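Have a look at the structure below before the remarks.
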Amino acid sequence: MRVIDSHTEGQPTRLVLDQGPDLGSGSLAEQADRLFRDHADFCRGVLCEPRGHEAMVGALLLPPNAPDCAAGVIYFNPAGPLGMCGHATIGTAVSLAHCGRLSPGVHRFDTPVGPVEVSLETNNRVSVENVEAFRHRPDVVVEVPGWGPVRGDVAWGGNWFFLTKECQIPLVSEQIAPLTRFSTALKEALEQAGITGEGGALIDHIELTGPSPSAHADGRNFVLCPGGAYDRSPCGTGSSAKLACLAANGLLAPGERWVQESIIGSTYTLSYRPGPAGGVVTTITGSAFVTAEGILHFEPSDPYRTGIIPEERH
Ligand code: PYC
């Protein structure tokens, strides 16, 4: 199985070029459901130790369903499929350019939540026009055991997010362990309280937001991804959800620039235009770098060929 590894603003992507499982026909959303339901071993084998690690996101290259798309892509992490993934879209574009399969210019990628537009500006710099983001519920308060009441917005940016407006733990990389514990407790509290996205959808990403210590950024975040790893990048879909909330509060105008910083200090530059359904269509600009090209081996006699799942490690 041929793969190209990259990182986008610090967050890793593994692009699977061939030999993925047969996902049958139907929409990319249906194929994404089948990917984890029927082929969880493939997903974990590709991403988890000993070949990868828990923060890695996979991008499975497929033929597109939608017309005029250059590629179809299903994103997945060790816990399951993702709807969209901003950092992995940037990583996929840079990796495809690296192997001569994408030329500079504007292309469309088909994803399980709809087509996105990808502008390959240089070999490393990419802008993604995401699917429409929107705020679903403002000012939701949830009681988090051991932490007290927490207020935030529920928003969609290609995945479901709960975004807090302030954070009782400093948003600095030295605090990643307590930030992870707090976000995990918050995610569990939301589920217990029955607070969901539209149509009862699970909120599987937590985004703690606050001011940035840097003069170059407008805000900083810490994003907990499904499975418990944190996003090293500012999270493309999470940044889109953030812009939807800013726009809904009248705090950011169409076309105005917003620089979102991650917990490790990397940034995306964003702006939005009003979306056709009343939300925002964001453009996310960031850089990715190829880190490796490889062939993954899955030897039948290898006891760890399907990966070491984080919770089974000890
Ligand atoms: O960039 O959208 C993103 C993302 C989602 C999960 C990890 N990264």
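In listed order, ligands and their atoms are each counted from 1. Note that the structure is a prediction, hence the values are computed from the model and not measured. All heavy atoms count here, side chains included; hydrogens, waters and symmetry mates do not.
In plain terms, the two heavy atoms of V113 and V131 that are nearest each other are O-CG1, 3.6 Å.
In terms of the side-chain hydrogen bond (donor to acceptor under 3.5 Å, both in side chains) criterion, E256 has no residue partners (sequence neighbours excluded). In this structure, the side chain to side chain contact (heavy atoms under 4.5 Å, CB included) partners of V172, at least two apart in sequence or on a different chain, are P170, E174, Q175, R220. For D153, the salt bridge (charged side-chain N to carboxylate O under 4.0 Å, His left out) test picks out R135, K165, with sequence neighbours left out.
Closer than 4.0 angstrom to ligand 1 by heavy atom are C85, G86, H87, H205, C225, D231, C235, G236, T237, sorted by chain and number.
For the residue pair N130/S240, the side-chain donor-acceptor check at 3.5 Å is satisfied.
Between W160 and W156, the two ring planes are tilted [angle within 30° to 60°].
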